[in-house]
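This report concerns only the one structure given below.
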Amino acid sequence: MALNEYHLITRWRLRASLDELEQLFHDVEALAQWRPAAFLQVQTVTPGSQGERGKVVRLQIKGWLPYTLRFHFRVTELDVRRRFVVVVWGDFEGRCIGTVQDQGSHLLVVFDWKVQVQKPLVRRLSWILKPVFITNHLWVMARGRESIALELARRRAARHERCRELPSPPGPTFPYDRYCRRLVRVFVPEVMS
């Protein structure tokens, strides 16, 4: 495995129905609203055909580290009730295969990411900081699990008009602003992109 190659598997156990999960997955652009800790921008570039195959989405995301990743994904397979596959390119390239198992009152959702990081900062520092970058990914996925649980609860509560009692989803650790960009340019100018 190359130093800039990552194979990461995350498991979410959700108290949700297949219908609820399907509604969330089909509303991709709402990610930035209910998962603001990681998703800064989400924009559909190309709508998909029947079943959303071929849909292309542009994203900007961040974790707890002071950099963002910009990438696109294309839905190549989508059966939200069993399996979904997206191909990604941009600051990282590869694929994510997701599987969904109905376990009665819960769903088990498994994300299997296999990517090569292309963002110069991360690619060049992976040889020494790979564990830190993996921790950043795990933080993003943990906030995602927390956010999806809150969003499901919010949607259920909206039916009972108790939505205001729920906390907001976790936000970003800090905004990625011009100050962070300046620091990176000063200390690592050749990897800034």
Side-chain angles (χ1 to χ4, degrees), residues 1-12 24-25 27-46 48 52 55-76 78 84-98 109-148 151 169-193:
M1 182 180 286
L3 291 174
N4 67 325
E5 211 170 280
Y6 292 78
H7 187 192
L8 304 160
I9 298 174
T10 307
R11 291 170 177 79
W12 287 355
L24 277 177
F25 277 25
D27 191 8
V28 172
E29 292 197 359
L31 276 170
Q33 295 168 1
W34 62 265
R35 202 171 164 194
F39 288 84
L40 304 178
Q41 294 178 359
V42 180
Q43 179 186 12
T44 299
V45 176
T46 307
E52 297 197 23
K55 182 178 196 169
V56 176
V57 178
R58 179 184 311 131
L59 302 109
Q60 180 182 9
I61 64 168
K62 72 172 297 303
W64 59 270
L65 289 171
Y67 64 83
T68 65
L69 295 170
R70 297 177 203 287
F71 65 98
H72 288 75
F73 75 73
R74 175 179 287 114
V75 178
T76 59
L78 182 63
F84 55 91
V85 179
V86 297
V87 174
V88 296
W89 67 94
D91 283 343
F92 57 94
E93 297 178 358
R95 56 87 179 140
C96 177
I97 298 172
V109 183
V110 179
F111 298 89
D112 181 345
W113 283 98
K114 193 166 190 179
V115 297
Q116 279 194 338
V117 177
Q118 302 303 320
K119 185 173 184 83
L121 174 71
V122 180
R123 186 182 73 233
R124 291 188 182 161
L125 295 176
S126 283
W127 70 276
I128 193 163
L129 294 178
K130 195 170 199 173
V132 175
F133 296 141
I134 290 171
T135 302
N136 192 54
H137 171 81
L138 296 174
W139 182 90
V140 167
M141 296 305 287
R143 296 301 71 73
R145 166 66 183 84
E146 186 179 348
S147 295
I148 199 169
E151 181 61 18
T173 53
F174 56 86
Y176 182 77
D177 59 13
R178 291 184 192 136
Y179 176 72
C180 291
R181 285 179 182 243
R182 275 188 238 130
L183 279 177
V184 171
R185 279 192 189 113
V186 167
F187 290 107
V188 203
E190 71 277 1
V191 297
M192 190 62 198
S193 65

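- Separating the CG atom in Leu121 from the CG atom in Leu69 is a distance of 9.5 Å, to the nearest 0.5 Å.
- Checking side-chain atoms of Arg74 against main-chain N and O of Val56 turns up no donor-acceptor pair under 3.5 Å.
- Considering CD of Gln43 and CG of Leu59, their distance stands at 10.0 Å, rounded to 0.5 Å.
- No donor-acceptor pair closer than 3.5 Å links the side chain of Asp112 to the backbone N or O of Ile9.
- For the atom pair NE2 of His137 and CZ of Phe111, the computed distance is 9.0 Å after rounding to the nearest 0.5 Å.
- Annotation for Lys119 and Thr68: closest pair NZ-O, 3.0 Å, computed over non-hydrogen atoms.
- The two atoms that bring Gly90 and Gln118 nearest to each other are O-CB, 3.5 Å, heavy atoms only.
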*Can Trp64 and Val132 be said to form a side chain to side chain contact (heavy atoms under 4.5 Å, CB included), step by step?*
CA-CA 10 Å; Trp64 59 270; Val132 175; 4.0 Å; yes
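- Between the side chain of Asp91 and the backbone N or O of Arg70, at least one donor-acceptor pair lies under 3.5 Å.
- A distance of 9.5 Å separates CH2 in Trp139 from CG in Leu65, rounded to the nearest 0.5 Å.
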_One pair to check against side chain to side chain contact (heavy atoms under 4.5 Å, CB included): Val42 and Val57. What are the steps and the verdict?_
CA-CA 7 Å; Val42 180; Val57 178; 3.8 Å; yes
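- In this structure, CD on Gln33 lies 7.5 Å from CG on Asp27, to the nearest 0.5 angstrom.
- Taking all atoms of both residues into account, the shortest heavy-atom contact from Val140 to Gly63 is CG2-CA, 3.5 Å.
- Relative orientation of the Trp89 and His72 rings is parallel, given thresholds of 30° and 60° on the angle between their planes.
- Checked by atom type and distance alone, the side chain of Glu29 pairs as donor or acceptor with a backbone atom of Thr44 at under 3.5 Å.
- A distance-only check finds a donor-acceptor pair linking the side chain of Lys130 to the backbone of Glu5 [under 3.5 Å].
- Using a 4.5 Å heavy-atom threshold, the side chains of Val28 and Lys55 count as touching.
- A distance of 4.5 Å separates CG in Asn136 from OH in Tyr67, rounded to the nearest 0.5 Å.
- Here the side chains of Tyr6 and Phe92 are not in contact, with every heavy-atom distance at 4.5 Å or above.
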